[in-house]
Each structure stands twice: as structure tokens, then as C-alpha cells.
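Residue numbers start from 1 in every chain, and the chains themselves are labelled A, B, ... in the order their sequence lines are given, proteins ahead of strands. Hydrogens, waters and symmetry mates are skipped; everything else that's a heavy atom, side chains included, is used.
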There are 2 protein chains.
Amino acid sequence: MSASLATALLTKLMLSNHLDGADVQAIQRLPIRTQDVKARHVIVADGDRSTECSLLVEGFAFRSKTTPDGERQTVSMHIPGEIPDLQSLHLNVMDHDLIALTPCVIGFISHGSLKALNIERPNIAAALWRTTLIDAAILREWIVNVGRRSATARTAHLLLALHHRLRAIGMAQDGEFGLPVTQTDLADCLGLSAVHVNRVLQLLRAEGLLTVSRLPSGRRRARSEFHLLQQEKLEELAGFDPAYLHQQPES
Amino acid sequence: MSASLATALLTKLMLSNHLDGADVQAIQRLPIRTQDVKARHVIVADGDRSTECSLLVEGFAFRSKTTPDGERQTVSMHIPGEIPDLQSLHLNVMDHDLIALTPCVIGFISHGSLKALNIERPNIAAALWRTTLIDAAILREWIVNVGRRSATARTAHLLLALHHRLRAIGMAQDGEFGLPVTQTDLADCLGLSAVHVNRVLQLLRAEGLLTVSRLPSGRRRARSEFHLLQQEKLEELAGFDPAYLHQQPES
DNA sequence: CGGACTGTTGATTCGAATCAAAACCGGTGG
DNA sequence: CCACCGGTTTTGATTCGAATCAACAGTCCG
């Protein structure tokens, strides 16, 4: 893996894990195949049996499941430095889709080299395991969000969580972050209808809690710039507590 | 760990992992401290920093989160042989409660001995990692359930999923299984109100899809015996596909 | 200019929550 | 043995949040 490719992964990993120099070098030596993926393209599909994991180097992606009657539920959003399908290392068949939200650069890492790395460097194995456990913690909070919160609280919670994660990797500051989601995308995350998401966002804007602007972009897809104006109030409204993100490295 | 204590764990682990004789012996040698926990008692609480993991030897447990305004959302149900808080091995602070649904026998295993085992036997480390990944897969399906399915489909899906898991460990057959849940418990799992769960169950019974009977038990708490009469129709109704449970061992 | 996607608005329906009360059931204690 | 009690299930009436349906406006793009 070239140093530049490893940067995103290492930034993310070291947010919540202690890695020593040898660990870092081992990761930088990982063989990797990069590929550009267009927005909205399926990176790995439900039912696939993958032989490699996808490192999200640039761009955003999401994982979602589709019910038999065609309804989509997004179960997670992914930001640079994450390996959204790391579970495929031990779960050979995908139980959901991994889809590019924006144009992405994906670094494919073979299961073989990851497994070898895990055996060679138990500390990295623990770190990777830990990232999948944090992923699960986020899934649990996501369940609470769709199961028990009102539409407004739910929406606020999602935006706060994304902001928190993006800020940790330097992609957000002062409540501002760019994320090219449509209201339909948000609806799929939240278990709501797109129409209702629209009304909820209007409400949040009217309350002066946030602003959303669509910046033009060079590409087809517009970029939504979210600005959380009153984080305190939003957190209060959403019942947001970042503890579940487990962002401090541990013993 | 005495052979009898290890049995439940090994039964569960070997459903979805290949373990060799040495692996089995290593697990059987794990030091373990057992403890009885009364129904409804908190085994590990949100915010706790545990130093050991809880093996559910006998009984049922669930994990849930409580929102600031006191609403409970259950995020998973646990059956004998599972280690519901295995994530605490790498996530030092609990982000949810682990609660005994029934009187339970819990086997506490220290993080130290588990970490030593993981290093000594990478195959077991992979197997344990895999169980946490299956746990996450179940969380994802749970999100879809509360996010996108109707109350009836949701309820049917939960019961089918529990039946499927219980049958795998020999605790259910022919659609029948005993589980001492109240309708409020189900409501907390489903993101519904208890009243509505009641009406949904009535509907499912009226359709001849299932029966629920409360068997008297020696203890305070009654035991609900569920009987899924028409699994095909229930699966159709719920959009249930057991693939996400990943019950076959893999490469 | 036309078309596709996205965002917005209004009218209406519907599923589920809420509120309230009653019936039920096993367990306890007088 | 029976009266009472707490937790649970059930029923009915009502409200409410969000979905649905339908149309229209805005924007980017070919």
C-alpha cells in the first residue's frame, strides 16, 4: 500500500487504537489495488462472496438492505479511512449492499494478506476487531434512533453523529460538513419517507438549529453543506451522547 | 471451565466455526466463575468498565439502551451459549445494558484469559471475532425490522429469528419454543407500544399463524410458549430470510 | 429546450401511540 | 380458603405523527 493510501486508514485506526511503528509499517506494506467507483454504484452486493475488503480511501459510501417489497433501509454511513465490509473477512457471504454515495476511490485488500497480517501482528488484529466492534456499537445506536426517537430527534441525531465522526478525521469543523446526500438518502437512513424528511429539515432550519446549502460541484451530483448552528440544542433535542462512538483508544 | 459449562459455548461456537480438538480443550481449560442472576437483574450496566465477559450458560438475556426520556429499545436477545458482552474485550466501556430476561446462570471469563487464549490460538480468536460479526449482522437486520417493516411483519420476523436461533441449539422444534417474554418486552424489541404488540399478536393468532400460551412455571414468572403454526406464511409475511444469521461455518 | 432528478407544498389517509379502564392470573398473606 | 395485590393482557375511544398521493418548482445537464 502506498503511504498516501495508507494515510486515511491509519488516521482512522489510530483514532481509537494504539499502534506502534512496526504496526504502521506492516500496514503500509499491505498490497492494495485501487479502483475508482462512480457515485451510486454498488461496490459489493448482497449475496456476494468477496475475497477482498474495501478500504474507502476517498468519498462516502453506505450499506443498506432492501426488503422483498423494495423498501431500502440504510444501516450505516461510511467515511474515508473505514473498511465498510471488513466483516467479509470472516463472513463470506454479504448480507447487504455496499454502495458508493459519491464518486469513491476504493482500495481493495485481499483477505489473504489481511489474515496474514492478523497472525503476524496480533495488535493489528485486535485493532481491526475493535473497529468492527465500534461499527456494531454504531448499529446499536442506529436501532435506538429508528426504533424510539421522533422524526426530528432522529434526523438531528444522524447529523450530529456524522458531524462527530467527520470532525475526528478533520473533515468537519464548527458544525460544518459537506455530505452529498439527497433527502431520500436521509430518509433511507432514518426509516422515514423523503417527504417527511423534507418537512423535518424545514423545521430544524426554522428553529435556527441548522442550515443546509447545496453547493454546485464539478460533477453531476450537488454537494450538501450542513451547518449545525446550535450543537448544544441539537444534542439536547436528539438525546445525543457520543460515548457510543468509542473514540478514545483503550487499554 | 468445567466441561458442562463449556458445552453451551462450544455448541454455539461450532454451529458457525470449525474448531479442532486442541481448540476445544483450550476452551475447556478457561477459568470461569459462575454466578446465578435473578430475572430482570442487570448483569452489566451502561457505562460499566468490565474486566470479564459474560457467558450465558442458562437462561435468556437481552441488551438494551434507554433514551434520556426513559424509553427503552432492546437491541438484541441472547440465548444459551452466547457471550452477549464479548465486545467488552476491546470496548472498555459499555454503551448499553445487559439484562437477564429470566433467571440465568452466567459464567464470567476474565478478559485476561480470553486475550491469552486469542494469542495462543488464532483459530479461536477468529471464531470469537466471527461471533461478534454475526452479532452485528443481526443488528443490521434488526435495524431493517424496526425501520422499514409494518408492525405485523416486524413481530413475525422477530419470532421467526428467535425460533431459528433456538432451533439451532436444540431449544425449539416444529415451530415451538418457550420464551418468557412479556408483551412489553416484545414492544421494546420492536420499537412499538405494548398495546399495539397485543393487537398484532391477536391478529396473528386470528390468522391461524401462531399460538401463544402462558405455561405456569415454578418461579414467579410465567413462560410463554410460542407455536409458529405456518412458518412458510409467516416468513412470507415477514420477508424473513435466514441467510443473515450466517449459520454455516465458512472457509 | 427537454428531461431527469431533487426539493417543496398541500390534502388526505392510515398506522400506531396514547389514554383509560377493565379483566386476568398467579402469588401472598390474613 | 379467600381477599387482595402487582404485573400482565385485553378492550375501547381518541389523538397524533408520519405515510401517501399528487402536483409543481428548481436545477443541472445533455
Side-chain angles (χ1 to χ4, degrees), chain A residues 38-40 67 69-73 101-103 145-156 179-206 210-226 237, chain B residues 38-40 67 69-73 101-103 145-156 179-206 210-226 237:
Chain A
K38 295 207 186 78
R40 304 286 153 177
T67 60
D69 38 304
E71 293 232 72
R72 167 174 292 165
Q73 174 67 49
L101 178 62
T102 63
N145 214 31
V146 294
R148 286 294 181 213
R149 280 196 263 262
S150 72
T152 20
R154 215 183 283 193
T155 307
L179 195 66
V181 283
T182 67
Q183 294 179 355
T184 304
D185 292 329
L186 291 178
D188 289 341
C189 289
L190 298 168
L192 297 170
S193 70
V195 172
H196 201 59
V197 167
N198 181 286
R199 299 201 230 257
V200 166
L201 287 176
Q202 286 180 53
L203 178 77
L204 291 173
R205 285 183 300 210
L210 56 79
T211 59
V212 190
S213 41
R214 322 204 84 229
L215 307 182
S217 80
R219 301 185 204 78
R220 180 192 186 79
R221 182 158 300 281
R223 159 167 283 265
S224 295
E225 181 85 12
F226 291 90
L237 169 71
Chain B
K38 296 208 186 75
R40 304 284 152 177
T67 60
D69 38 303
E71 294 231 72
R72 168 174 290 166
Q73 174 67 51
L101 178 62
T102 64
N145 213 32
V146 295
R148 284 295 182 211
R149 280 194 263 261
S150 72
T152 22
R154 216 183 283 192
T155 308
L179 195 66
V181 284
T182 67
Q183 295 179 356
T184 303
D185 292 328
L186 290 179
D188 289 341
C189 290
L190 298 168
L192 297 171
S193 71
V195 172
H196 202 59
V197 167
N198 180 284
R199 299 200 230 257
V200 165
L201 287 175
Q202 287 180 52
L203 178 77
L204 291 173
R205 284 183 300 211
L210 57 79
T211 61
V212 190
S213 41
R214 321 204 86 229
L215 307 182
S217 79
R219 300 186 204 77
R220 180 191 186 79
R221 183 159 300 280
R223 157 168 284 262
S224 294
E225 181 86 12
F226 290 90
L237 169 73

Would you give a per-nucleotide map of nucleotides 12-17 of chain C, 5' to 3', where B means the base has a protein non-hydrogen atom under 4.0 Å away, S means only the sugar-phosphate does, and - means neither? ----BS

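Residue B:Q183 places at least one side-chain N or O under 4.0 Å from the OP1 or OP2 atom of D:dT10. A close approach under 4.0 Å does not occur between any side-chain nitrogen or oxygen of A:N198 and OP1 or OP2 of C:dG7. Between B:Q202 and D:dT9 there is no side-chain N or O to OP1 or OP2 distance below 4.0 Å.
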Using the 3.5 Å cut-off, write out each protein N or O paired with an N or O of nucleotides 24-26 of chain D and the distance between them.
none

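For B:R149, the side-chain hydrogen bond (donor to acceptor under 3.5 Å, both in side chains) partners two or more places apart in sequence, or in a different chain, are B:E141, B:N145, B:H157. When the side-chain hydrogen bond (donor to acceptor under 3.5 Å, both in side chains) test is applied to A:S150, the partners found at least two apart in sequence or on another chain are A:T152.
For A:D185 and A:R40, the salt-bridge test passes: some basic side-chain N is under 4.0 Å from an acidic carboxylate O.
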Can you check side chain to side chain contact (heavy atoms under 4.5 Å, CB included) on A:R148 and B:V146, steps first, answer last? CA-CA 9 Å; A:R148 286 294 181 213; B:V146 295; over 6 Å; no

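Heavy-atom minimum distance, A:T102 versus A:P180: CG2-CG, 2.9 Å.
Counting heavy atoms from C-beta on, the side chains of B:E225 and B:T211 never come closer than 4.5 Å. Proximity of B:R205 to B:L210: side-chain heavy atoms (C-beta onward) are separated by under 4.5 Å at one or more points. Between B:R214 and B:S224 there is a side-chain heavy-atom pair separated by less than 4.5 Å.
At distances below 3.5 Å, at least one donor-acceptor pair connects side-chain atoms of A:R154 with backbone N or O atoms of A:L190.
Within the model, atoms CZ of B:F226 and CG of B:L186 stand 5.0 Å from one another, a figure rounded to the nearest 0.5 Å.
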Ignoring hydrogens and angles, write down the donor-acceptor pairs under 3.5 Å from the side chains of residues 191-203 of chain A, residues two or more places apart or on other chains.
from	atom 1	to	atom 2	distance (Å)
A:S193	OG	A:H196	N	3.2
A:N198	OD1	A:Q202	NE2	2.3
A:N198	ND2	A:Q183	OE1	2.9

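When the local axes at the two ends of the helix from C:dC1-D:dG30 to C:dG30-D:dC1 are compared, using 5 base pairs at each end, they differ in direction by 30° after rounding to 10°.
Rounded to whole angstrom, the span from the CZ atom of A:R205 across to the C1' atom of C:dT9 amounts to 13 Å. Atom CG of A:L186 is separated from atom P of C:dT8 by 12 Å (rounded to the nearest Å).
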